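Not measured: the values here are computed from a predicted model.
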Amino acid sequence: MKPRDLVFELFGDYLRYRGGAVRLRSLTALMDCFAIPAGTVRVVVARMRKEGWLTSRKEGRETHYALTAKGWHVLDERRARIFEWRDAEWDGQWHMIMYSVPETERSSREELRQLLVWHGFGAASPSVWVSPTDRTDAVVKAAHENSAAVRLDVFHARSSGPDADTDLAQRAWDLGSLRSDYEDFIDRWEPVADRFRQDHPVPTEALVRRVEMIHAFRPLAFRDPDLPTRLLPEGWRGPQARNIFFTLLEALEEPSRAAADALVSATAGSRPMRTG
């Protein structure tokens, strides 16, 4: 895991529930559990501050860091993609966005495609994207905020029947690759879940495993369009992977919080070393 990613994971899973800010020394202690050197932590937080992800304030000789509004917005969107899954039956209606972007705005085109993927849309053709969930308003709003050159047309329609629905889903998303990655996640984390059902994890190990697992599951959640069951291939293992994820998330919560609290409390009570 890259140090930058680890900072986001620690804010998202722990620090947001402990006031939303952290001393640099405390953040360094937390990241030391993941073998990130103190010098690297200083470089990373300075860079993230310059890029507008972190804000800092001084209290005496102490520096405290917190996410900016932009950073919290990203974490909120990430959390929604991981924890919010389809419950209701699909009504059979597709929601389509057709776009056009001038050739001179290639960067805007790529940003729009990333936005569509983020909201669970798949490409039925290069400029026509579809989703069984109506997130068109969010896409249109964000796209127009990012670029005035993008033109979007929104349609809501039904296909000719179940076979056409299944064919469209197979063309719009790379479900084979996602299924393979779900299987890799299961192979990696199911033995960990089985072990922790029998043995209580050491707090520091629980902290490391919980953050690593969230980081491993996040890209799967982002790529998963959360399709209705009848559009998924036979033997789809997404629900099994999610069950392992949520089982471990709960099992590791208490000891991981205890480990993080102990590290933050220990560094809060110590004095920074003098140099020179």
Side-chain angles (χ1 to χ4, degrees), residues 1-84 111 114-115 117-120 135 138-139 141-143 145-146 204 206-223 245-246 249 252-254 256-270 272:
M1 191 188 319
K2 295 180 180 179
R4 175 195 183 95
D5 294 333
L6 179 56
V7 172
F8 274 114
E9 298 294 359
L10 289 171
F11 269 99
D13 189 52
Y14 172 71
L15 295 171
R16 75 181 305 159
Y17 306 109
R18 297 296 191 273
V22 63
R23 292 176 174 84
L24 178 59
R25 288 185 295 130
S26 297
L27 182 61
T28 300
L30 290 169
M31 295 182 69
D32 182 61
C33 296
F34 300 82
I36 306 298
T40 301
V41 178
R42 289 193 294 270
V43 170
V44 168
V45 296
R47 187 172 300 157
M48 292 179 70
R49 183 178 181 277
K50 184 177 181 181
E51 294 171 351
W53 296 110
L54 291 175
T55 182
S56 65
R57 59 181 172 83
K58 282 279 192 178
E59 287 190 7
R61 297 180 61 187
E62 297 273 14
T63 303
H64 295 243
Y65 286 91
L67 289 181
T68 60
K70 178 175 77 168
W72 286 120
H73 178 70
V74 168
L75 284 188
D76 289 341
E77 287 191 325
R78 287 182 172 189
R79 183 174 179 81
R81 287 302 302 273
I82 286 184
F83 291 98
E84 295 177 7
E111 289 175 0
Q114 292 176 3
L115 178 67
V117 171
W118 176 268
H119 285 282
R135 300 189 181 103
V139 172
K141 181 176 183 292
E145 287 176 350
N146 293 339
T204 302
L207 172 64
V208 173
R209 293 289 174 263
R210 180 177 162 103
V211 171
E212 288 179 343
M213 183 194 61
I214 293 173
H215 187 69
F217 186 76
R218 188 183 306 284
L220 301 180
F222 288 175
R223 288 168 52 205
F245 172 77
F246 286 114
L249 201 69
L252 298 177
E253 180 173 8
E254 185 176 342
S256 68
R257 296 281 190 266
D261 284 345
L263 288 167
V264 170
S265 296
T267 51
S270 59

Is any side-chain heavy atom of [Y] closer than 4.5 Å to one of [X]?
X     : Y     : answer
Leu24 : Glu62 : no
Trp53 : Val74 : yes
Thr40 : Met31 : no

Practice task
Examine distances only and state if a side-chain atom of Ser26 and a backbone atom of Val22 form a donor-acceptor pair shorter than 3.5 Å.
Solution key: no

Problem - Any donor-acceptor pair under 3.5 Å from Thr68 side chain to Gly52 backbone - result: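 Side chain of Thr68 to backbone of Gly52, a donor-acceptor pair under 3.5 Å: yes, one is there.
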
Can you tell me how far [atom2] of [Y] sits from [atom1] of [X], rounded to the nearest 0.5 angstrom?
X      : Y      : atom1 : atom2 : result
Thr204 : Leu30  : OG1   : CG    : 10.0 Å
Asp261 : Arg18  : CG    : CZ    : 4.5 Å
Glu77  : Ile82  : CD    : CD1   : 12.5 Å
Thr55  : His64  : OG1   : NE2   : 12.5 Å
Ile214 : Ser256 : CD1   : OG    : 8.0 Å
Arg23  : Glu59  : CZ    : CD    : 7.0 Å

Counting only heavy atoms from other residues, nucleotides and ligands, does the tally under 6.0 Å from [atom1] of [X] exceed 12?
X      : atom1 : result
Lys2   : NZ    : no
Glu254 : CD    : no
Arg4   : CZ    : yes

Exercise for the section: Could you tell me which non-hydrogen atom of Trp72 sits nearest to which non-hydrogen atom of Leu67, and how far apart they are? Expected result: NE1-O, 3.2 Å

Handout entry: Stepwise side-chain contact (heavy atoms from CB on, under 4.5 Å) check, Tyr14 with Val211
Key = CA-CA 9 Å; Tyr14 172 71; Val211 171; over 6 Å; no

Exercise for the section: Just do the side-chain contact (heavy atoms from CB on, under 4.5 Å) check on Arg78 and Phe222 with the steps written out, would you? Expected result: CA-CA 8 Å; Arg78 287 182 172 189; Phe222 288 175; 3.5 Å; yes

Problem - Evaluation steps, side-chain contact (heavy atoms from CB on, under 4.5 Å), between Asp76 and Arg16 - result: CA-CA 11 Å; Asp76 289 341; Arg16 75 181 305 159; 2.7 Å; yes

Handout entry: Step-by-step salt bridge (Lys or Arg N to Asp or Glu O under 4.0 Å) determination, Asp13 to Arg257
Key = CA-CA 9 Å; Asp13 189 52; Arg257 296 281 190 266; 3.6 Å; yes

